[in-house]
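Counting starts at 1 for both ligands and their atoms, following the listed order.
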Amino acid sequence: MSGLPARVSVDPAFVVAAVNRRLFGSFVEHMGRCVYTGLYEPGHPRADADGFREDVLELVRELGVTTVRYPGGNFVSGYRWEDGVGPREDRPTRLEPAWRSVETNAFGLGEFMRWVEQAGVEPMIALNLGTRGIQEAMDLLEYANHPCGTALSDLRVAHGAPEPYGIRLWCLGNEMDGPWQLGHRTAEEYGRLAAETARAMRQLDPDLELVACGSSSRDMPTFGAWEATVLEHTYDVVDHISAHAYYQLEGDDHASFLASSADMDRFIEQVVATADHVGARLGSDRRIDISFDEWNVWYLDQWQEQEHTPTDRWEVAPRRSEDTYTLLDAVVVGSLLITLLRHADRVTAASQAQLVNTLSLIRTEPGGPAWRQSTFHPFALTSRHATGTVLDLRVQAPTLQTRRHGEVPVLDAVATHDPDAGRLAVFVVNRHPTETVTLATGLHGLGGATLVEAVVLSGPDPTAANTQQDPDRVVPHEHPHADVVDDELRAELPPASWSMFLLDTSR
Ligand code: AHR
């Protein structure tokens, strides 16, 4: 044992919150090939009668995705939902300005809801508050959720969906703080529109769960003030405020990249503080939670260079941001999930962005195979094994100085405990790019726990990635140095690695 020493104390008496399954959500946007030739490809050898790729559906179920946000993203701010329902031959083909493509509308709400059923996930629908407003939001709600007997609900029935969809989670627009957003507004303008839309929707159905747009990133010049103003208007009528964050490796600065979750941590804490401050000023006992409904690694610099320049080409489902994720990216994704879980008391929904092809966990080729990106693995393992309650850990670890995020603990960790299943799951990331960490985890109150499984994502080449030719180059391996000795879980964590330890606590 020779690495940097780190100590974690686990005690099942100290609980943050129950694990909220909605933390393992993802996102399907009409962007690039996420929908077309991603999850939907009529004519593909593995397509079902609806045109849904069954190879993709199998991977989605394996991932353990729980909610899926749809249909955007920036796409939604110019979207007319009516274009995507009813007989396909009557659906219009339109220019799609957000991603500069042609939208055929072959896939719309009805297809999404059938796909959702196949995938076994909960839908989260984003409304267009960019080019549209209150009336269209109410119309969509009536079409989707009212049983029958009104013009719009009967239209849904006529479109082949006799049962209401019962969609509970709705996003009031998307990234309305961003100047790139169609219909971008000031916080004051958006706050009023979101509040009025929320009130109108609640008049139709008081039980909906509504998400107001927070900031598109913690770096936005309006961050903080935006949340405060929007919540001043919406505090009584929404349940969540959203947060979005994307991270990338800049140059060879592995340390900063590996510490990305420190930024997400601060982001969450600052939004919670802002929301609670507004609640205090309004004298409210309500609590607004966070929907972290876009998060991932995204090589935005490459996107700016390669795809952001307007051209004359308008194509159906062009390749957009098909980032091929590396081992290092997978470690960062694992660490972002750790952070979301650690804040399970206030982050009550989250969506990794996105599911297929665009910034994706799953990649496909038209007419060809589907495969797991490196980032698929920490997501799938965390979703499968983080059950029960999130525990409040005590972590003593050396710190690491980073250019972008200052001084951060070298260890990022969370544990979940499921007393009914007799399982403790510990997830840890060694953020140090070059040093091993020697981990000692005290298992207070869990005496007699035994190690069931220990896996690690690490390797000599941080740029290793899964590709169509080599789809299993980056997969988790059995942990070479992990054991429980004297009620202590001990392990050597390789540099820049993500690990998961499962312990049997039933005795
Ligand atoms: O997920 C890709 C894009 O990132 C979304 O459309 C937008 O909301 C965000 O800026």
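Residues that satisfy the ring pair (Phe, Tyr, Trp, His ring centres under 6.0 Å) test with Trp226, not counting sequence neighbours, are Tyr190.
Note: Phe223 and Phe267 have perpendicular aromatic rings, judged against thresholds of 30 and 60 degrees for the angle between ring planes. Between Tyr79 and Phe75, the angle of the ring planes lies from 30° to 60°, which puts this pair in the tilted group. Ring orientation note: the planes of His159 and Tyr143 are tilted relative to one another, at an angle of 30° to 60°.
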What short N/O contacts, under 3.5 Å, does ligand 1 make with the protein, listed by atom pair and distance?
residue, atom, partner, partner atom, Å
ligand 1, 1 (O), Tyr246, OH, 2.8
ligand 1, 1 (O), Glu294, OE1, 3.4
ligand 1, 1 (O), Gln354, NE2, 3.0
ligand 1, 4 (O), Tyr246, OH, 3.4
ligand 1, 4 (O), Glu294, OE1, 3.1
ligand 1, 6 (O), Glu29, OE1, 2.6
ligand 1, 6 (O), Glu29, OE2, 3.0
ligand 1, 6 (O), Asn74, N, 2.9
ligand 1, 8 (O), Asn74, OD1, 3.4
ligand 1, 8 (O), Asn174, OD1, 3.3
ligand 1, 8 (O), Asn174, ND2, 3.0
ligand 1, 8 (O), Glu175, OE1, 3.4
ligand 1, 8 (O), Glu175, OE2, 3.4
ligand 1, 8 (O), Glu294, OE1, 3.2
ligand 1, 8 (O), Glu294, OE2, 2.7
ligand 1, 10 (O), Glu175, OE1, 2.7
ligand 1, 10 (O), Glu175, OE2, 3.2

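By the 6.0 Å contact criterion, CZ on Arg286 is enclosed, its count of non-hydrogen atoms from other residues, nucleotides or ligands being greater than 12. Atom CZ of Arg192 has 12 or fewer neighbouring heavy atoms from other residues, nucleotides or ligands inside a 6.0 Å radius.
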